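Heads up, the thing below is written out as structure tokens.
For the numbers below, each heavy atom of this structure counts, side chains included, while hydrogens, waters and symmetry mates do not. Worth saying up front: this structure is predicted, and the values here are computed from it rather than measured. Both ligands and their constituent atoms are indexed starting at 1 by order of listing.
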Amino acid sequence: MDLYLKDKVIIITGGTKGIGGAISRAIAYEGGIPVFIGRNATDGEKLVQELKSDGLKSHFIQADLNEKDACKNIVEKVLLLKKGIFGLVNNAGRNDGIGLEHGNPINFAQSVTENLFHYYEMAHYCLPYLKKSEGNIVNISSKVALTGQGGTSGYAASKGAQLALTREWAAELLPYNIRVNAILPAEVMTPLYESWLATFDHPQEKLNEIVQKIPLGHRMTKAEEIADMALFLLSKRSAHTTGQLLSPDGGYVHLDRSLT
Ligand code: NAP
């Protein structure tokens, strides 16, 4: 099936590894041009070379999304490719464990700033070019926005706000035919997930416990399965889908608990 992504420039924040890395690869293999953003230059260049060795196009921009003017500068650099901007995948984020009881207002504000603001900034600076391309935005949120987790108020608030902004932007951008959708991963093995698991005394036991509660197949969702959902949302194949919050999670969040 042609997803009509050939030569389309799509920005993926945090697109060098984990879920973002899988989305970058998937876009490249569909003939699109992923432009991935990350702080670590080695990781970024490695991915460019990996894709190049398969004859695929991509670009890496080294940036810390939390630095002043980073998002504006990223968009300016992407425009130098002279191919416009067709898509934005807001993905970079960190479950930083700023809780209610064991957090404080300063750290909470910082967590929300770091997890949420660049989603808005990237969308804001990409907007004039998305209007030209009638492109679209995919926000990567989290199941935590719906279920809570405990001990992570800043991250949960940011992830919830990303869902609200998905609907808000979908509504605001209707006149431009720009679609906005969100994906809510639940349990996906990535560098971020591994570091979260490592905070438990018995990580393997914790993992076995979680996996047993995932109804479909009793297994983790693969990053590639999140990427496939993102590709469909980015593609004109989903031309009448907007403002949707999708959970590719093996039924983890929405199915009856007695099924596990
Ligand atoms: P990950 O393995 O930590 O990868 C995150 C990526 O973001 C990396 O490429 C990292 O690269 C980049 N990044 C992080 N902060 C950045 C910043 N300030 N500026 C630029 N780049 C930055 O994370 P992941 O598990 O794939 O998570 C991706 C998204 O999915 C996040 O929004 C997360 O909340 C969400 N999610 C994941 C899960 C899961 O099970 N894994 C579940 C629910 C939601 P550098 O280190 O080079 O900067």
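The closest protein non-hydrogen atom to atom 39 (C) of ligand 1 is V188 O, 3.5 Å. Protein heavy atom nearest atom 28 (C) of ligand 1, with residue, atom name and distance: N91 OD1, 3.2 Å. Atom 19 (N) of ligand 1 has L65 N, 2.9 Å as its closest protein atom, hydrogens excluded (heavy atom only). Ranking protein heavy atoms by distance to atom 34 (O) of ligand 1, first place goes to Y155 OH, 2.5 Å. Remark: minimum distance from atom 4 (O) of ligand 1 to any protein heavy atom is reached at K17 O, 3.9 Å. Closest to atom 21 (N) of ligand 1, if we only count protein heavy atoms, is G38 CA, 3.6 Å. The nearest heavy-atom contact from the protein to atom 12 (C) of ligand 1 is G14 CA, 3.3 Å. The closest protein non-hydrogen atom to atom 45 (P) of ligand 1 is R39 N, 3.5 Å.
The neighbour count for L216 CG, taken as heavy atoms of other residues, nucleotides or ligands under 6.0 Å away, does not exceed 12. Residue I106 qualifies as open at atom CD1: its count of foreign heavy atoms under 6.0 Å is 12 or below. Enclosure of atom CD in Q212 by more than 12 non-hydrogen atoms of other residues, nucleotides or ligands within 6.0 angstrom is indicated.
Between D64 and ligand 1, an N or O atom pair is found at a separation short of 3.5 Å. Taking distance alone, with nitrogen or oxygen atoms compared against 3.5 Å, N40 approaches ligand 1 more closely than that limit. For P185, no nitrogen or oxygen atom sits less than 3.5 Å from a nitrogen or oxygen atom of ligand 1, counting backbone and side chain alike. At least one N/O-N/O distance between L192 and ligand 1 falls below 3.5 Å. Polar contact with ligand 1: absent for G20 (N/O pair, distance under 3.5 Å). When only interatomic distances are considered, the shortest N/O to N/O separation between I19 and ligand 1 falls below 3.5 Å. Considering backbone and side-chain N/O of Y193, none are found under 3.5 Å from N/O of ligand 1. Residue D43 places no N or O, backbone or side chain, under 3.5 Å from any N or O of ligand 1.
Interatomic distance, L65 CG to E114 CD, rounded to the nearest 0.5 Å: 10.5 Å.
At least one heavy atom of Y119 sits less than 4.0 Å from an atom of ligand 1. At a 4.0 Å cut-off, not a single heavy atom of R94 sits close enough to ligand 1 to count as contact. Not a single heavy atom of S195 sits less than 4.0 Å from an atom of ligand 1. Residue contacts with ligand 1 include K159, since one or more of its heavy atoms lies under 4.0 Å from the ligand. Contact analysis leaves F36 out of contact with ligand 1, as no non-hydrogen atom separation drops below 4.0 angstrom. Distances from ligand 1 to the non-hydrogen atoms of K143 include no value under 4.0 Å.
Counting only N and O atoms by type, the side chains of T221 and D249 include no donor and acceptor under 3.5 Å apart. A donor-acceptor contact closer than 3.5 angstrom links the side chains of Y29 and D54. Donor-acceptor pairing under 3.5 Å is recorded for the side chains of Q162 and K159. In the model, S238 has a side-chain atom that pairs as donor or acceptor with a side-chain atom of R179 under 3.5 Å.
With hydrogens and angles ignored, the 3.5 Å screen pairs no side-chain donor or acceptor of N181 with any backbone N or O of L233.
With a heavy-atom cut-off of 4.0 Å, A223 does not touch ligand 1 at all.
In the hydrophobic clustering of this structure, V35 does not group with L56; members are Ile, Leu, Val, Met, Phe, Trp, Tyr whose side-chain heavy atoms approach within less than 4.5 Å, directly or through other members. F60 and V75 are members of different hydrophobic clusters when ILVMFWY side chains are connected at heavy-atom separations under 4.5 Å.
Heavy-atom proximity to E187, at under 4.0 Å, picks out these atoms of ligand 1: 40 (O). Heavy-atom contacts of G18 reach the following atoms of ligand 1: 2 (O), 26 (O) (cutoff under 4.0 Å). Which parts of ligand 1 touch P191 is read off a 4.0 Å heavy-atom cut-off, strictly below it: atoms 2 (O).
Using a cut-off of 4.0 Å between Lys/Arg side-chain N and Asp/Glu carboxylate O, E187 and K213 are scored as not salt-bridged. One finds a salt bridge joining E225 and R219 here, because a Lys/Arg side-chain nitrogen approaches an Asp/Glu carboxylate oxygen to under 4.0 Å. Between D2 and R237 no salt bridge is recorded (no basic side-chain N to carboxylate O distance below 4.0 Å).
Figure legend: K131 and Y176 shown as a cation-pi pair, the cationic atom lying under 6.0 angstrom from the six-membered ring centre and within 45 degrees of its axis.
When the heavy atoms of D249, T190, I23 are ranked by distance to atom 25 (O) of ligand 1, first place goes to T190. Nearest-heavy-atom check against atom 35 (C) of ligand 1 across A186, A63, G93, S141 picks out S141.
Ring-plane geometry between Y120 and H124 is classed as parallel, the angle between the planes falling under 30 degrees on a 0 to 90 degree scale with a further cut at 60.
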